[in-house]
2 protein chains.
Amino acid sequence: MATIKDVAQLAGVSFATVSYVLNDSMPVSEATRNKVLAAVTKLGYQPHRQGRNLQRQRTLTIGVLLPQANLLCEVDLATWLLEATNAATSAGYSLLLQPADSQARGDLADGWISFGTPLDPQLPQVWALAPPCDQPAVLCDAAFAAQRAVETLTHSGMRRIGLITLPRSIPGSARWYLGYRRALRRAGLGFDPGLVVEPAANRFHDGVAAYETLAASENDYDGLIVCGHQLATGVVMVDHAKVPVIVSHSSSQRGISGFRWPTELWAHTLVRKLLQQLDGAAIAHRTWLNPSLVIGSLGFKEDLDGFNYV
Amino acid sequence: MATIKDVAQLAGVSFATVSYVLNDSMPVSEATRNKVLAAVTKLGYQPHRQGRNLQRQRTLTIGVLLPQANLLCEVDLATWLLEATNAATSAGYSLLLQPADSQARGDLADGWISFGTPLDPQLPQVWALAPPCDQPAVLCDAAFAAQRAVETLTHSGMRRIGLITLPRSIPGSARWYLGYRRALRRAGLGFDPGLVVEPAANRFHDGVAAYETLAASENDYDGLIVCGHQLATGVVMVDHAKVPVIVSHSSSQRGISGFRWPTELWAHTLVRKLLQQLDGAAIAHRTWLNPSLVIGSLGFKEDLDGFNYV
DNA sequence: ATACTTTATTTAAACGTTTAAATAGATGAG
DNA sequence: CTCATCTATTTAAACGTTTAAATAAAGTAT
């Protein structure tokens with residue numbers, strides 16, 4: 001592995017000059033610059049991260065605090081990580097994984113991000129140590145989705161909207177409920193507890209069970225919202241498409257309406273914001289990213305005329 | 001952030017002595033050792049990773065090459081990463097994420113691992129640069145699962161076993177097919193192409209379609225194997241439980257038999273092996289981890305007496 | 001007591017880089 | 001021709017650690 005000294009020797013200059021060329025931190029004559037660059041390419045020289053960091057007091061690394069369990073069932077952690085990695089890499093940084101409950105964060109990274117939204121009151125307790133409070137707040141809110149779903153249905157004339165929530169043990173579940181209630185209030189509709197079913201767990205057949213509970217009850221509903229990928233799969237399986245259904249995750253599986261979560265954009269934005277913050281820029285206090293509703297082809301669009309959401 | 005010099009000063013010794021105490025690399029008298037340790041705890045000193053690495057030529061970091069798409073549909077990348085992180089952290093290492101197609105790997109990490117199995121011939125082409133060929137081979141093979149599934153069914157007297165494979169576009173799909181054919185051969189059963197259906201894609205309703213194709217064909221089958229989580233969900237949804245079914249992923253959703261993939265153990269073992277390799281130990285050429293078959297309660301166990309797999 | 005060994009500690013060099021300060025070389029003004 | 005000014009380059013210190021080599025202090029054999 002070639003060092004800066006090898007480059008300097010080959011180019012016949014001092015290694016400080018090489019550094020100046022590479023960092024543009026001092027004026028260098030055209031002639032020497034060319035000599036240096038030639039030597040760099042010839043040797044395939046790449047600056048040594050550790051050595052550079054030692055001086056600059058920068059690690060060129062972004063830490064990711066990884067919770068022991070996937071906190072956010074709206075978004076796929078793998079996709080999120082991949083996109084965060086891409087964003088970091090293209091800025092010359094790399095991503096360092098650290099368990100959220102581990103001790104030493106210290107000087108391993110210049111800044112820390114975490115996978116999760118600070119909105120849910122349940123979330124903080126998952127972090128053993130203090131949460132990364134200086135993380136730029138990029139928010140992607142399930143309450144928005146719930147609200148949007150309700151609005152979509154009420155704009156189309158529905159008045160009694162059923163909700164199959166996530167079990168309350170799941171972080172983030174409260175946001176769905178919150179958005180649902182808020183939207184009902186704003187639409188001037190009353191809240192009927194009989195229209196809300198909370199499944200026992202977040203699995204396929206819990207969705208089926210919840211759906212059957214709702215259907216068997218005397219509560220009539222003319223629209224339905226289902227949270228959670230697994231639950232929704234179960235519901236869609238047994239649903240008779242009598243009323244419009246909106247699920248938490250758009251899926252190509254069937255023509256059901258659902259949300260597309262901006263996972264990639266979210267990760268990307270979070271990393272970019274952090275980098276800006278590290279550069280000393282004052283960043284926006286909060287950035288909101290909204291899931292978008294994808295209208296399906298099945299049992300909904302056909303029933304509703306004048307429907308203009310995309 | 002306290003440095004080793006601060007500790008040395010407080011303890012009234014040279015900073016080399018501090019280093020010796022902390023690394024046990026030279027004999028130190030009991031008295032000074034105590035003085036040093038007291039100073040360390042008092043200042044909350046933690047050795048600076050970068051500085052240490054510079055000298056040791058070790059980064060104390062393991063790189064993970066992250067493919068742009070999840071290669072292995074048997075295993076959840078998030079779980080894998082989390083466990084790998086835990087394993088690395090407990091050994092004092094951290095995990096660094098790098099896109100598989102990025103250029104500079106160089107000196108960012110002491111060793112590299114990747115998510116994927118080197119068994120499938122399709123896999124290498126996903127890596128833009130050379131695959132991390134010195135990665136310890138910890139293998140978790142879908143062919144084994146397929147084979148085991150066939151054996152389980154044939155041991156119970158089934159003779160005509162249907163297979164809903166993964167689409168061949170998906171890396172790893174070939175392993176299922178391979179194991180299936182191998183097991184048939186070993187069981188002395190002929191191969192009937194009519195019993196194998198390859199869905200168009202790896203989605204819920206492709207599973208449904210594949211199942212219906214198989215059911216509608218004139219080919220009778222007395223057992224069924226379904227690969228892929230999504231496909232299996234679809235199949236299970238429409239299956240009438242007439243014949244025993246084994247799916248690729250055990251799931252608590254319903255009492256269907258399926259495999260549990262040792263994701264955590266896999267990640268853990270891979271990291272441990274790499275660390276041993278870095279320490280200069282000669283490690284086993286290949287380590288095999290096998291998925292275990294979880295027998296479900298539905299439509300299978302009841303039909304088969306004398307069933308002793310767990 | 002002197003020389004030799006052993007043990008505990010310190011000094012100093014090294015790792016690969018950046019960067020402040022020093023120096024050399026050229027240019028221009030007096 | 002000398003001095004000051006500017007520019008291009010080099011020297012050397014620094015970052016936080018490890019570790020080989022040097023030193024000091026003590027113990028043991030002669």
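Note on naming: letters A, B, ... go to the chains in the order of the sequence lines (proteins, then strands), and numbering restarts at 1 for each one.
- Side-chain polar atoms of A:Arg49 and B:Thr59 form no donor-acceptor pair below 3.5 angstrom.
- The side chain to side chain contact (heavy atoms under 4.5 Å, CB included) test applied to A:Tyr20 returns A:Ala16, A:Ser25, A:Met26, A:Val28, not counting sequence neighbours.
- The backbone N or O of A:Leu37 sits less than 3.5 Å from a side-chain atom of A:Thr41, completing a donor-acceptor pair.
- Counting any heavy atom pair closer than 4.0 Å across all strands shown, A:Asn53 reaches no nucleic acid atom.
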N/O to N/O distances under 3.5 Å, protein versus nucleotides 25-28 of chain C:
none

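- Remark on the helix from C:dA1-D:dT30 to C:dG30-D:dC1: inter-end axis angle 70°, axes from five-pair C1' superpositions, rounded to 10°.
- Between A:Lys35 and A:Thr17, every side-chain heavy-atom pair lies at or beyond the 4.5 Å cut-off.
- In this structure, A:Leu65 and A:Pro99 approach most closely via the heavy-atom pair CD2-O, 4.2 Å.
- When all heavy atoms of B:Ala88 and B:Leu95 are compared, the closest pair comes out as CB-CD1, 3.7 Å.
- B:Asn23 has its CG atom 12 Å from the P atom of D:dA20, to the nearest Å.
- The CD atom of B:Gln230 lies 10.0 Å from the NE2 atom of B:His249; values are rounded to the nearest 0.5 Å.
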Pairs under 3.5 Å (N/O, protein and nucleotides 22-26 of chain D):
none

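- Counting to the nearest Å, the P atom of C:dA8 and the CG atom of B:Asn34 are 14 Å from each other.
- Contact between the side-chain N/O atoms of B:Arg52 and the OP1/OP2 oxygens of D:dG16 is not found at any separation under 4.0 Å.
- A donor-acceptor pair is defined here as one N or O able to donate and one able to accept, closer than 3.5 Å; such a pair exists between the side chain of A:Trp266 and the backbone of A:Val138.
- In this structure, B:Gln46 places its CD atom 15 Å from C1' of D:dT17, rounding to the nearest Å.
- Side-chain nitrogen and oxygen atoms of B:Ser19 include none within less than 4.0 Å of the OP1 or OP2 phosphate oxygen of D:dT17.
- Atom C1' of nucleotide D:dT18 and atom NE2 of B:His48 are separated by 15 Å, given to the nearest angstrom.
- Within 4.0 Å of B:Gln57, counting heavy atoms only, lie sugar-phosphate atoms of the nucleic acid but no base atom.
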Q. Going 5' to 3' along nucleotides 6-11 of chain D, which nucleotides have protein heavy atoms under 4.0 Å from the base (write B), which only from the sugar-phosphate (write S), and which from neither (write -)?
A. --SBBB
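- Using a 4.5 Å heavy-atom threshold, the side chains of B:Val64 and B:Trp80 count as touching.
- Below the 3.5 angstrom threshold, one finds no donor paired with an acceptor across the side chain of A:Gln55 and the base of C:dT17.
- Side-chain contact between B:Val271 and B:Tyr93: absent, with no pair of heavy atoms (C-beta onward) separated by less than 4.5 Å.
- Rounded to whole Å, atom P of C:dG16 lies 17 Å from atom CZ of A:Arg56.
- Shown here for B:Thr3 and B:Tyr45, the closest heavy-atom pair between the two residues is C-CE1, 3.5 Å.
- Crowding of B:Glu264 atom CD: a count of heavy atoms from other residues, nucleotides or ligands under 6.0 Å exceeding 12.
- Listed by chain and number, the residues in a salt bridge (Lys or Arg N to Asp or Glu O under 4.0 Å) with A:Arg33 are A:Asp24 (sequence neighbours excluded).
- Atom CD of A:Gln50 and atom C1' of D:dG16 are 12 Å apart (whole Å).
- More than 12 non-hydrogen atoms from other residues, nucleotides or ligands lie less than 6.0 angstrom from CZ of B:Arg58.
- For B:Leu54 and D:dT18, the CG to P distance is 11 Å, given to the nearest whole Å.
- Rounded to whole Å, the distance from CG on B:Leu22 to C1' on D:dT19 is 14 Å.
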